[in-house]
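This report concerns only the one structure given below.
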Amino acid sequence: MISINLSDKIAIVTGGASGIGAAISFKLAECGANVAIIDKKEVLEAQTIINTIEELGRKCVFICADISDFQASGNAILEILSKFGKIDILVNNAGINKDGVIWKMTEEQWDNVININLKGYFNYIRAVAPVFREQNFGKIINISSINGMRGKFGQANYSAAKAGIIGLTKTIAKELGKYNVNVNAIAPGLIDTEMMKNADESVRENAIKEIVIGRIGLPDEIANVAAFLSSDLSRHITGEIIKVDGGQYI
Ligand code: NAD
């Protein structure tokens with residue numbers, strides 16, 4: 001029987017307080033990992049996922065930080081190292097959207113999304129890369145989007161950041177491969193989270209028409225792939241972008 005065993009692994013999940021990040025945090029803990037969650041939300045807003053992980057008998061460290069802050073990212077990695085002694089898995093997941101057609105998009109909308117959705121990923125990779133090189137082991141999983149592969153009306157900032165993550169993933173895979181570090185991305189289609197609830201009803205209706213499986217995806221369905229990519233089962237996969245979208249973009 002094949003099972004995913006992450007016993008004694010230390011995983012970081014950015015944006016782990018809710019949505020896809022919370023599902024990934026839970027899944028990795030279920031597979032045996034202790035988890036450090038980084039989120040801009042206050043600890044009280046993350047209490048449900050923290051309690052759930054601790055009820056599994058795993059440790060959970062919560063750090064309130066904005067992933068777009070370079071200095072804070074380095075500090076968070078130092079804090080996690082001091083609490084756990086090592087880091088094995090980094091899941092870059094935190095993200096936002098600030099949609100608008102290009103002729104109406106403000107500089108602030110552009111900068112916010114690029115700073116969080118792209119620079120935020122760089123910040124954490126930059127901070128863990130020396131640790132992974134030194135220990136000659138690591139797994140990096142970046143959450144991109146199918147909209148980074150195909151583009152999306154009204155999402156120039158978001159699609160550009162998500163496409164940037166794909167280039168970042170492939171480059172870091174090449175740079176860290178010889179240190180036994182696997183670097184992959186997951187490109188979800190529409191997934192049922194708070195992010196989606198903020199979108200117009202028409203976004204949901206149009207997505208369902210595109211999804212050949214005929215329904216919107218669940219956070220747990222992204223978490224399953226994140227757990228696989230965190231595990232030894234995927235040791236010969238790197239630089240890969242895995243769509244998890246029910247066939248929304250074929
Ligand atoms: P969500 O809004 O439900 O959760 C995002 C989490 O990230 C929240 O807990 C939020 O507080 C945190 N966060 C946001 N900005 C942050 C910052 N600057 N610093 C630290 N934490 C921050 O969103 P979600 O749907 O779970 O999305 C998770 C990831 O999946 C994002 O990268 C998103 O772009 C991607 N994604 C989502 C969908 C979807 O349909 N939901 C589709 C494709 C890709």
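First listed ligand is number 1; within each ligand, the first listed atom is number 1.
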| query | Which ligand 1 atoms, with their elements, are less than 4.0 angstrom from a heavy-atom of A94? | reply | 7 (O), 13 (N), 21 (N), 22 (C), 32 (O)

| said: Using a 4.0 Å cut-off to any heavy atom of E194, which atoms of ligand 1 qualify? | reply: 3 (O)

| For G15, atoms of ligand 1 separated by under 4.0 Å from a heavy atom | 6 (C), 7 (O), 9 (O), 12 (C)

| request: Search all heavy atoms of M149 against all heavy atoms of I166 and return the closest pair with its distance. | output: CG-CD1, 3.6 Å

| field | Rounded distance [0.5 Å steps], CG in N115 versus CD1 in I67 | value | 10.0 Å

| message | How about CD on Q47, more than 12 heavy atoms from neighbouring residues, nucleotides or ligands closer than 6.0 Å, or not? | response | yes

| query | Salt-bridged, E79 to K83, with N to O below 4.0 Å? | reply | yes

| Which atoms of ligand 1 have any heavy atom of G19 under 4.0 Å away? | 3 (O), 26 (O)

| Would you find more than 12 non-hydrogen atoms of other residues, nucleotides or ligands less than 6.0 Å from K174 atom NZ? | no

| query | Considering only heavy atoms, does I116 approach ligand 1 within less than 4.0 Å through its side chain, its backbone, both, or neither? | reply | side chain

| D8 atom CG: more than 12 heavy-atom contacts under 6.0 Å | no

| Is the count of non-hydrogen atoms from other residues, nucleotides or ligands lying under 6.0 Å from E108 atom CD greater than 12? | no

| message | If the contact criterion is a heavy-atom separation under 4.0 Å, does M196 count as touching ligand 1? | response | no

| field | Rounded distance (nearest 0.5 Å) linking atom CD1 of I186 with atom CD1 of I191 | value | 10.0 Å

| field | Heavy atom of the protein closest to atom 11 (O) of ligand 1 (residue, atom name, distance) | value | D39 OD1, 2.6 Å

| said: Does atom NZ (K41) have a neighbourhood of more than 12 heavy atoms from anything else shown, all under 6.0 Å? | reply: yes

| From I146, I143, I20 - option closest to atom 26 (O) of ligand 1 by heavy atom | I20

| said: Within ligand 1, which atoms have a heavy atom of L190 less than 4.0 Å away? | reply: 40 (O)

| Are any of the N/O atoms in I96 less than 3.5 Å from those in ligand 1? | no

| For atom 25 (O) of ligand 1, what's the nearest protein heavy atom and its distance? | T193 OG1, 2.5 Å

| remark: shortest atom 5 (C) of ligand 1-to-protein heavy-atom contact is with G95 O, 4.0 Å

| request: Could you tell me whether some N/O pair between S145 and ligand 1 is separated by less than 3.5 angstrom? | output: no

| Could a heavy atom of G189 be found less than 4.0 Å from some atom of ligand 1? | yes

| Taking the minimum heavy-atom distance to atom 21 (N) of ligand 1, which of Q248, M195, R204, K40 ranks first? | K40

| In terms of residue, atom name and distance, what is the protein heavy atom nearest to atom 40 (O) of ligand 1? | I191 N, 2.8 Å

| query | So which heavy atom in the protein is nearest atom 19 (N) of ligand 1, and how far is it from that ligand atom? | reply | I67 N, 3.0 Å

| query | Does the side chain of N147 come under 3.5 Å of the side chain of R150 through a donor N or O and an acceptor N or O? | reply | yes

| request: Could you tell me the separation between the CZ atom of F122 and the CG atom of L118, rounded to the nearest 0.5 Å? | output: 10.0 Å

| message | Among all the protein's non-hydrogen atoms, which is closest to atom 36 (N) of ligand 1, and how far away is it? | response | Y158 OH, 3.5 Å

| query | Does ligand 1 have an atom under 4.0 Å from some heavy atom of T14? | reply | no

| field | For C31 against A227, the heavy-atom pair lying closest together | value | SG-CB, 4.2 Å

| field | A65, portion touching ligand 1 at heavy-atom distance under 4.0 Å | value | backbone

| message | Please check: side-chain N/O of S68 versus main-chain N/O of G120, any donor-acceptor pairing under 3.5 Å? | response | no

| said: Using only atom types and a distance under 3.5 Å, with no angle test, would you say the side chain of N157 pairs donor to acceptor with the backbone of V113? | reply: no

| note | When distances are taken from atom 4 (O) of ligand 1, the protein heavy atom at minimum range is S18 OG, 3.5 Å

| request: Tell me, please: is S144 in heavy-atom contact with ligand 1, that is, under 4.0 Å? | output: yes

| message | To check your reading of the model: name the closest protein heavy atom to atom 32 (O) of ligand 1, its residue, and the distance in Å. | response | N93 O, 2.7 Å

| Quick one: does K162 get an N or O within less than 3.5 Å of an N or O on ligand 1? | yes

| For ligand 1, which atoms have a heavy atom of Y121 less than 4.0 angstrom away? | 32 (O)

| query | Hey, is G217 one of the residues with a heavy atom under 4.0 angstrom from ligand 1? | reply | no

| query | Given the rule in the side-chain contact (heavy atoms from CB on, under 4.5 Å) test, do L6 and S231 qualify, once you have shown the distances and angles that lead to the verdict? | reply | CA-CA 7 Å; L6 300 178; S231 77; 4.1 Å; yes

| task | Could you please spell out the steps behind the side chain to side chain donor-acceptor pair (under 3.5 Å) verdict for K162 and N117? | result | CA-CA 7 Å; K162 294 298 186 182; N117 292 14; 5.5 Å; no

| note | To atom 17 (C) of ligand 1, the nearest of V13, D66, D192 on a heavy-atom basis is D66

| query | Does E45 come within less than 4.0 Å of ligand 1, judged by its heavy atoms? | reply | no

